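The next block holds one structure in the form of C-alpha cells; read it before the comments.
The model shown is predicted, which means the values in this text are computed figures rather than measured ones.
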Amino acid sequence: MIQIKFSYLYEGDVEEQIVDTFENNIFVYLRDSSKDYYARKAQEWSVLSVPDFLKTANRYLEAERVRGEFYPEFKDQIMTTVLEEVSVKTCDSLVKNTQSGLYQLLTKKDLDNVKSLFIFHIEAKVDLSNFTASYLSYIKHVISEFRKESVDDSNSIDHIKVIEKLIDYRDEMFKICDYCFESNKSISDSTFLVLQSEFSKVKNYPKMLADFIDNFIVLNGKNLESDDTQKGIESIFKMINLTAERVDFLHFYEQTLSKIMVTFRESFVVGNQLL
Amino acid sequence: LSVTNYYDAMENEFLKRINQIVGEHQMNKIRGMIQDITNSSKVNVEFSQFLSQRKSKYVIPGKLEMSISLLTKAKWPSEIVEIDACKPPKDLGTVMEAFDDFYINSGTQGHGKKIEWLLSEGQVELTANYKTGKKNLTVTTPQYAVLVVLMERGGSELKLPLREITNFAGIDKSRFDNKN
C-alpha cells in the first residue's frame, strides 16, 4: 500500500500533484466507501440487542484498527469516519434502547456490558450527557422505589435497616462508577449530588442516621481499633457527607448523645446500712 | 451502677470527625454537654465528701450507690428536659435536698442558680427478693417511685388502685396511657 502511495506521489508535476493525486484517488475513496459500508452495517446491527451490537461493532472496529496499520498516516482519519458511523451516531439509541439499554443493563446488574457501553462512548469521544442522565435516572428510580416501599408506605419503619439499605445503595452506585465508568469524575460527582438529593427525600433521614450511629456505637464501642469497626466508621462518615440536612442531623445526634451521656455515671455511696 | 453505653474513645472519634464536617461553631452545644459530664465527676466527689460530713443532718435509710449528672440547661436538647416526672421517694428526696444545700448554699459554683431535677432521665438499679431468688432490676426513677409506693402502701399483695399510685408517686396519669 505504501508503495502504491509513492507511485502516485511522484507522478506528473511534483509541485502541483503530490497530495491531490493520492487523496483523490485513494484516500477519499477509502474514506467514503468506509463511511457507506459502516452506515449500512450500523443499520443492519440496529436490530441486535445492545450487548450483541457492542460485541459485533467492537469486533469490526478492532479489525479496522489493525487494517489501519497499513496506512498509518491516514489511520486516524479513517477511524474517525468509521467511529462516526458505528459509535457516534448510535450511542444515543444504544443508551435509550428500551429492551437492553443502559437502564435495563443496570437493572439486570450486567455490569460488564455497562462498562462496555461506557468505553464505547469514550473511544468515540461521544458527549456523556445522555449516558450520565440515564445512569442518574436509574439511581433516582432505585432510591425512590425503596423509599416508597420501606418508609412512605410502611407501617413499621426500622431506622437501622433503612440506613443499612441506603448504605448498600450508596456503595453499589459508587462501585458502578469505579468499575464501569473508570471513576469518571463528572459521573461520580453527579452520583454524589443525586444520592444526596434522594436521601434527603427519605422521611426522617437525619434522625434515622443519628439512631444508626447510636446503635453502631453501642454495638462496637468496645472495639474501636478493630478493622470492621473502622470500616463501619468510614462508611458512616460517607453517609454524613451525603447528608444535605446536616443541622437537623446534628440536632438528632445531640439528642441521642445526651440520652447516653446522662446515664454515664461514676457513682458514690451514701447511707450507712446495707438494705 | 452498671448502666452505661457511653464509650469515650468511640464518641470522641465521632465528634472529632463530625467537627471536621460541620465546623467548630456547630459543635459548641455538644462540647458543652461533654464539659458538663466531665465536671459532674468532680461534683460527685465533692458532694460525697459533703454528705459524709453531715451524716446526722441527712439520714439516708439503707446504703445507696449514687451518681448525679449536673447539666447546664442551655447546653442540652430541650427534648430531654422533663421536670416533675414524679415525686422522689424518701431516700432520693433526702439526697436531692442535700445536693441543693451543697450546690446552692455551700459553695460559690451554684450561687444564683436554680436546680431542676430531671427524674425521668434517672435510672435505678435495685435487687428484688423473689421466691425463686434474687433479681436485679433496672428501672426509671418514676418506675422506682411506683415500686416504693406499692411497697409502702400496697400491703402483702402489693396492690393499689391506679388513682392512688399516681397520687402518691406524683405521676401524671397520662404516663400510664402511653402504649409505647
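Rounded to the nearest 0.5 Å, atoms CD (B:Gln20) and CZ (A:Phe237) are 8.5 Å apart.
Atom CD of A:Glu145 has more than 12 neighbouring heavy atoms from other residues, nucleotides or ligands inside a 6.0 Å radius. Other residues, nucleotides and ligands contribute only 12 or fewer heavy atoms inside 6.0 Å of the NZ atom of B:Lys90. Annotation: A:Lys115, atom NZ; neighbour count of heavy atoms from other residues, nucleotides and ligands within 6.0 Å is above 12. Under a cut-off of 6.0 angstrom, the local environment of CG in A:Asp227 is sparse, with at most 12 non-hydrogen atoms contributed by other residues, nucleotides or ligands.
Here B:Lys75 does not pair with A:Glu254 in a salt bridge; the nearest charged N to carboxylate O distance is not below 4.0 Å.
Residue B:Leu126: no heavy atom, backbone or side chain, is found under 4.5 Å from chain A. With a threshold of 4.5 angstrom between heavy atoms, B:Tyr58 does not approach chain A through any atom at all. In this structure, no portion of A:Asp214 lies under 4.5 Å from any heavy atom of chain B.
Two residues are said to be in side-chain contact when any heavy atoms from C-beta on lie closer than 4.5 Å; A:Thr243 and B:Ile21 fail this criterion. Within the 4.5 Å cutoff, the side chain of A:Ile240 has no heavy atoms near those of the B:Arg17 side chain. Contact check for A:Leu257 versus B:Phe14: no side-chain heavy atoms found under the 4.5 Å cut-off. Considering only heavy atoms from C-beta on, A:Leu250 stays 4.5 Å or farther from B:Lys29 through its side chain. Using a 4.5 Å heavy-atom cutoff, the side chains of A:Phe249 and B:Val22 are not in contact.
Listed options A:Thr229, A:Ile233, A:Asn223 were ranked by heavy-atom pairs under 4.5 angstrom with chain B; first place goes to A:Ile233.
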